[in-house]
Enquirer: 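Would you mind keeping the following structure in view while I ask a few things?
Proteins come first, then strands; the chains are lettered A, B, ... in the order of their sequence lines, and each starts at number 1.
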There are 2 protein chains.
Amino acid sequence: MTEQHETPEGVSGRALRSNAPSRDIPQATVTRLATYLRVLAVLADEGVLIVSSEELAVAAGVGSAKLRKDLSFLGPNGVRGVGYDVAKLRARIEDVLGLSEGHRVILVGAGNLGRALAGYGGFRRRGFTMVGIFDRDPQVIGATIGGVPVRDVAGLHDAVAELEPTIAVVTVPDPAAQAVCDRLVAAGVQCILSFSPVALDVPPSVEVRRVDLAVEMQMLSFAIHTSSSAIRPAGVVVSAMEPTSRGGSGGGALRKHAGSSDAPHMSNGSVVAQ
Amino acid sequence: MTEQHETPEGVSGRALRSNAPSRDIPQATVTRLATYLRVLAVLADEGVLIVSSEELAVAAGVGSAKLRKDLSFLGPNGVRGVGYDVAKLRARIEDVLGLSEGHRVILVGAGNLGRALAGYGGFRRRGFTMVGIFDRDPQVIGATIGGVPVRDVAGLHDAVAELEPTIAVVTVPDPAAQAVCDRLVAAGVQCILSFSPVALDVPPSVEVRRVDLAVEMQMLSFAIHTSSSAIRPAGVVVSAMEPTSRGGSGGGALRKHAGSSDAPHMSNGSVVAQ
DNA sequence: TAATGTGAAGGAATTCACAGCC
DNA sequence: GGCTGTGAATTCCTTCACATTA
């Protein structure tokens, strides 16, 4: 959906920290940086030390020029005639995205989706530590999910003070979403990822991203609809994909096989942020 | 990821059907149409008959000019000086998105995430019918999730011929994603929603959307990082949100109570399409 | 020589402002 | 008077092509 594009005025707000990039980083670039990071993690696991923009681009599904442009916002990261140092580039992107110090995450709503997220190994692997899980159901409270005990949501306020989470993930039924959100805000949470399609009302100082699965499905629907109604050579569809050179495994020189990787089924969603 | 924005060249492929819009609809607009649809459903439930672009825009979290521009791609839909007929607009958007006739969905991977999706009421409500669920685990095969029995993924090919799904949702562990995808493609599935972060290799005729939760979390991280490192008046954060007029409930004339109300600033997200 | 980094061109999406209609 | 629909201006993003550097 990414996206694209909300956030009219770029994204940032002038970063003034240590290694902060000098210019503002475009929103669209930030979205892709997260993708590059995932690919770099896989490469690192495979023992790859150096990667070229072309190889990285193919693995991430974008054009190499776009990738270089994206990386250029972080300052010089590669060596001309050689490529990028995988470990160094990875560290640089993590630093820029604010992932270096990790994040403490709490989850409110231990339903199926909440459990799926809590059990998602990819989180911890990427620096997100689940420090608290909350629910309203007495039958669920006290149980342990992914090693973290489920607490009564009634104690949310105090728990936030105790756990000091940097991010809260909300996976409660739609009607409860706003109330939970209000309590999180009252408790001082600044950053919320909501899986409810309802638009949450929060003060401007709080950052909310919303993920709506149905939106993804509907966009797929549109793709089918338009392609099936288009006049086209038999079997060929005008698809919404990147004009990436798609060559199975024949392309990249350094990639081996994709085994080790990440987490088992998890999820997530599309996106749509508030 | 949003998303936003993969898909370089617009989205469509010349629609030539019945009520097809004359022009191509921009990708960014399609993303938001799905959002408008959700808001319209809520309004309809509340008994609202007519809505102005300003009201709809606030509820959806976008600017009114943007909303009007978006709707203009679908042809004339409103009445000047009055507003939009909720039911009529809703039907029009559903038609354009290809939702009018509903979709038959199969799900591969009955883990926590798969179960969460299968049980998600929002799907059926929006015209997506789960017609088949598949898994590899003998312990799960035969069980019923949301009224649909779990079948052995070994019979996927024949089942696709039998069930004729228009969309397949993949929620299997990462290492299995490509293989499952290949089998779906071989069986004739044209449209896949994958929750695995790995980039799937498919023929150009197949449409794939990928959803990666970690990307969302990382974008949140960036938002925290940049705003916390910015120089700003105490307590106020330079956030990446829409500059929407946020006025609690004082604004809209037709809306009743806020259970679901207004969507303050929102926006939307990103998405990463392969 | 090989691949990065980047100005400049091109295209897409957003915003503005107002003409047009009820 | 009020609100839609839309050209025009603006801003943002992508793509191209090449100068630059190891």
Side-chain angles (χ1 to χ4, degrees), chain A residues 1-12 21-33 50-58 61-85 88-89 92 240 242-244 253-254, chain B residues 2-12 21-33 50-58 61-85 88-89 92 240 242-245 252-254 267-268 270:
Chain A
M1 183 252 297
T2 211
E3 328 195 194
Q4 312 99 307
H5 329 118
E6 293 321 70
T7 308
E9 8 76 68
V11 147
S12 56
S22 40
R23 277 202 282 167
D24 276 354
I25 301 179
Q27 169 76 14
T29 292
V30 174
T31 304
R32 287 186 298 264
L33 285 179
I50 302 290
V51 68
S52 71
S53 64
E54 181 60 29
E55 292 164 337
L56 229 192
V58 169
V62 302
S64 64
K66 192 191 281 187
L67 179 133
R68 286 198 304 277
K69 180 65 107 182
D70 284 340
L71 296 184
S72 74
F73 289 109
L74 318 187
N77 290 99
V79 180
R80 297 175 195 238
V82 179
Y84 300 92
D85 180 297
K88 202 169 289 183
L89 181 56
R92 179 73 185 124
E242 286 279 337
T244 303
L254 296 175
Chain B
T2 269
E3 253 173 304
Q4 284 149 322
H5 333 134
E6 296 317 79
T7 308
E9 9 75 68
V11 148
S12 57
S22 39
R23 277 203 281 166
D24 275 354
I25 301 178
Q27 169 77 20
T29 292
V30 173
T31 305
R32 288 185 298 263
L33 286 178
I50 302 290
V51 68
S52 71
S53 65
E54 180 60 29
E55 292 163 336
L56 228 192
V58 169
V62 302
S64 63
K66 192 191 280 187
L67 180 134
R68 287 198 302 278
K69 181 66 112 184
D70 283 341
L71 296 184
S72 75
F73 289 110
L74 318 186
N77 289 100
V79 180
R80 294 174 194 238
V82 180
Y84 299 92
D85 180 298
K88 202 168 289 183
L89 181 56
R92 179 74 185 122
E242 286 278 336
T244 303
S245 67
L254 295 174
S267 100
N268 118 66
S270 53

Enquirer: Can you tell me how far P of C:dA3 sits from CG of A:Leu56, to the nearest Å?
Expert: 14 Å
Enquirer: Select one nucleotide: of C:dT14, D:dT14, D:dA17, the one nearest the side-chain heavy atoms of B:Lys69.
Expert: C:dT14
Enquirer: Rounded to whole Å, how long is the line connecting atom CD of A:Glu55 with atom P of C:dA3?
Expert: 8 Å
Enquirer: It should be established whether A:Tyr84 places a side-chain nitrogen or oxygen under 4.0 Å from OP1 or OP2 of nucleotide C:dG5.
Expert: yes
Enquirer: Find the distance B:Phe73:CZ to C:dT14:C1' and express it as a whole number of Å.
Expert: 11 Å
Enquirer: List for me each residue that meets side chain to side chain contact (heavy atoms under 4.5 Å, CB included) alongside A:Asn77, sequence neighbours excluded, and say none if there are none.
Expert: A:Leu74, A:Tyr84, A:Leu89, A:Arg92
Enquirer: So which one's nearest nucleotide on DNA chain D is more toward 5', A:Thr29 or A:Val82?
Expert: A:Thr29
Enquirer: Is A:Val58 close to A:Glu55 at the side-chain level, that is, under 4.5 Å between some pair of heavy atoms?
Expert: no
Enquirer: Does a nitrogen or oxygen in the side chain of B:Arg68 sit under 4.0 Å from OP1 or OP2 of C:dG20?
Expert: no
Enquirer: Could you check how far CG of B:Asp24 sits from P of C:dG11, rounded to whole Å?
Expert: 15 Å
Enquirer: Specify the separation, in whole Å, of atom CG of A:Leu71 and atom C1' of C:dA3.
Expert: 13 Å
Enquirer: How many whole angstroms separate atom NZ of A:Lys66 from atom P of C:dG10?
Expert: 19 Å
Enquirer: In whole angstrom, give the distance that lies between atom CZ of B:Arg32 and atom P of C:dA13.
Expert: 9 Å
Enquirer: For DNA chain D, whose closest nucleotide is more 5', that of A:Asp70 or that of B:Gly83?
Expert: B:Gly83
Enquirer: With heavy-atom distances below 4.5 Å as the criterion, would you say the side chains of B:Val62 and B:Leu56 are in contact?
Expert: no
Enquirer: Regarding C:dT4, can its base be found pairing with the side chain of A:Arg80 as donor and acceptor, where the two atoms are less than 3.5 Å apart?
Expert: yes
Enquirer: Can you see if the side chain of B:Ser53 gets near the phosphate of D:dC3 - specifically, an N or O under 4.0 Å from OP1 or OP2?
Expert: no
Enquirer: Among C:dA13, D:dG5, D:dC13, which nucleotide sits nearest the side chain of B:Gln27?
Expert: C:dA13
Enquirer: Would you name the heavy atoms of B:Ser53 and B:Ser64 that are closest together and state the gap between them?
Expert: O-CB, 4.0 Å
Enquirer: To the nearest 0.5 Å, what is the distance between OG1 (B:Thr29) and CG (B:Asp24)?
Expert: 11.0 Å
Enquirer: Rounded to the nearest Å, what distance is computed from the CG atom of residue B:Asp85 to the C1' atom of nucleotide D:dT4?
Expert: 15 Å
Enquirer: Nearest of C:dT14, D:dT14, D:dC16 to any side-chain atom of A:Ala65?
Expert: D:dC16
